[in-house]
Number of protein chains: 2
Amino acid sequence: MPTPIQQRRERERAQRQQLIVATARELAETEGWDAVTIRRLADSIEYSQPVLYSHFADKGAIIDAVALQGFAELVTVLRSAGTGRSGRKKLDALAKAYLDFADEQPALYEAMFTLASDLPFGTPEAPSSLREGYEELRTAFAAHADGRDVDVLTEVGWSALHGLATLTRARRLRPDLRDQRLPLLLGLLRG
Amino acid sequence: MPTPIQQRRERERAQRQQLIVATARELAETEGWDAVTIRRLADSIEYSQPVLYSHFADKGAIIDAVALQGFAELVTVLRSAGTGRSGRKKLDALAKAYLDFADEQPALYEAMFTLASDLPFGTPEAPSSLREGYEELRTAFAAHADGRDVDVLTEVGWSALHGLATLTRARRLRPDLRDQRLPLLLGLLRG
DNA sequence: CTCCATTGCCTAGCAATGCTAGAAACTGGA
DNA sequence: TCCAGTTTCTAGCATTGCTAGGCAATGGAG
């Protein structure tokens, strides 16, 4: 039975936790993840370092929290790109939305896919946004399965998008071909 | 005009440099890149830390050297997978070889694609193995271009393989669908 | 209003890391 | 045997993630 005063404290605590995550994300996006140190975060939120450790077990947990936020946002981005469309148009819109997301928030995407330390993925307690994101993609691919297994197609399509996103960011692909890659991929995917 | 004795010294130096790279790679593969510290490398090669810095500007340069070695090996792997085959068989073999390479030497692959600090890629002095690797893939894709731009197709195909490799390693794909993904991708790629 | 227990917070520090300055030791020729 | 030049090592710095132990604020009881 929580007293009102305890409730207020928990509220403030949750708020501060959110501030930590937001600060980490912002700093990562502007100066890169290397610049995200516990000391700088502590300075930013105007608390001492141990306070951070009362919210998160270690630095990795902070990154995980940012990643999780990223997945949640990716879901909403994909959803809004998909609503009102279907078939080919839906797939095109989702793919473009996915690449734009990765392109516009590279540090966030990095947290989600190369920094996050083993977020539970295939497990029951996979944070729901992960599964939801997958489902969102799946509905777009379903229309183009054409006899093929929808899940396999989704995984392969997602992998292609992910590879495109990461190799583009690492500048390993020719800039002058940039606008031709996604159309070609979409052509492949719809058979 | 180098005296013989200088030559010997340079030879020994090159040998030691190679030892550093090999040690870093081995340690990374067995214990992960986090375990690769300058101190441990120095201990392993039985020299003090500053000696390492007489070979490499910083730790990143060591990783880059490992990555470069990886690209050279990837080229030979792809070549040997491709020789004697053509058309569909060649593409299949190359793709499988690529994924096997990434799967069997995850730390090496990580050095090549997520750790390497800006190896010059699109530039004139892109270490030749990078361009050679791309060319090797390109020849395999050329047979299936079918009107499409070969370079775009190669980049997209490569991205898909890369995405598959990284997402698989991060355990974000369903293990039970593992054997179905590559065949489906190959089906897409050949049109 | 005063006291006190509980909770929350901060100061100070540890161990490990990448990297470097300066001294010491070795090398090979005179 | 000695010396100049190079190579190597010892010792240390600054920064990092993380933690122990003490201090202070908070809010209820008398």
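These numbers come from a predicted model, not from an experiment. Letters go in sequence order (proteins before strands), and every chain restarts at 1.
Side-chain contact check for A:Leu182 versus A:Lys96: some heavy-atom pair is nearer than 4.5 Å. Side chains of B:Thr166 and A:Thr166 form no contact here, defined as non-hydrogen atoms less than 4.5 Å apart. A heavy-atom distance below 4.5 Å is found between the side chains of A:Gln18 and A:Gln69.
Residue B:Ile38 holds its CD1 atom at 5.5 Å from CG of B:Leu52, rounded to the nearest 0.5 Å.
Note: NZ (B:Lys59) to P (C:dT17) measures 9 Å, nearest angstrom. Distance CG (B:Leu41) to P (C:dT17): 11 Å, rounded to an integer number of Å. Atom P of nucleotide C:dG8 and atom CG of A:Leu52 are separated by 16 Å, given to the nearest angstrom. Remark: P of C:dT7 and CD of A:Glu12 are 17 Å apart, rounded to the nearest angstrom. Here D:dT8 presents its C1' atom at 11 Å from CZ of B:Arg13, a figure rounded to the nearest Å. Taking atom OH of residue A:Tyr53 and atom P of nucleotide D:dG21, one finds them 18 Å apart after rounding to whole Å. Between B:Gln17 atom CD and D:dT8 atom P the separation is 13 Å, expressed in whole Å. Rounded to whole Å, atom P of D:dT15 lies 16 Å from atom CZ of B:Arg39.
Within the 3.5 Å criterion, the main-chain N or O of A:Val51 finds a donor-acceptor partner in the side chain of A:Ser54.
Looking at heavy-atom distances under 4.0 Å, B:Arg16 makes contact with sugar-phosphate atoms alone, never a base.
Rounded to 10 degrees, the angle between the two end axes of the helix from C:dC1-D:dG30 to C:dA30-D:dT1 is 30°, with five pairs used at each end.
Among B:Asp64, B:Leu41, B:Ile62, the one residue that satisfies the side chain to side chain contact (heavy atoms under 4.5 Å, CB included) test with B:Phe56 is B:Ile62.
Nearest heavy-atom pair, A:Ser44 versus A:Thr23, reported as atom, atom and distance to 0.1 Å: CB-CG2, 3.5 Å.
Side-chain contact of B:Tyr98 with B:Trp158: a donor-acceptor pair under 3.5 Å is present, judged by distance alone.
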Close N or O pairs between protein and nucleotides 9-11 of chain D (under 3.5 Å):
| residue | atom | partner | partner atom | Å |
| --- | --- | --- | --- | --- |
| D:dC9 | OP2 | B:Ser48 | N | 2.9 |
| D:dC9 | OP2 | B:Ser48 | OG | 2.9 |

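Under a cut-off of 6.0 angstrom, the local environment of CD in A:Glu135 is crowded, with over 12 non-hydrogen atoms contributed by other residues, nucleotides or ligands.
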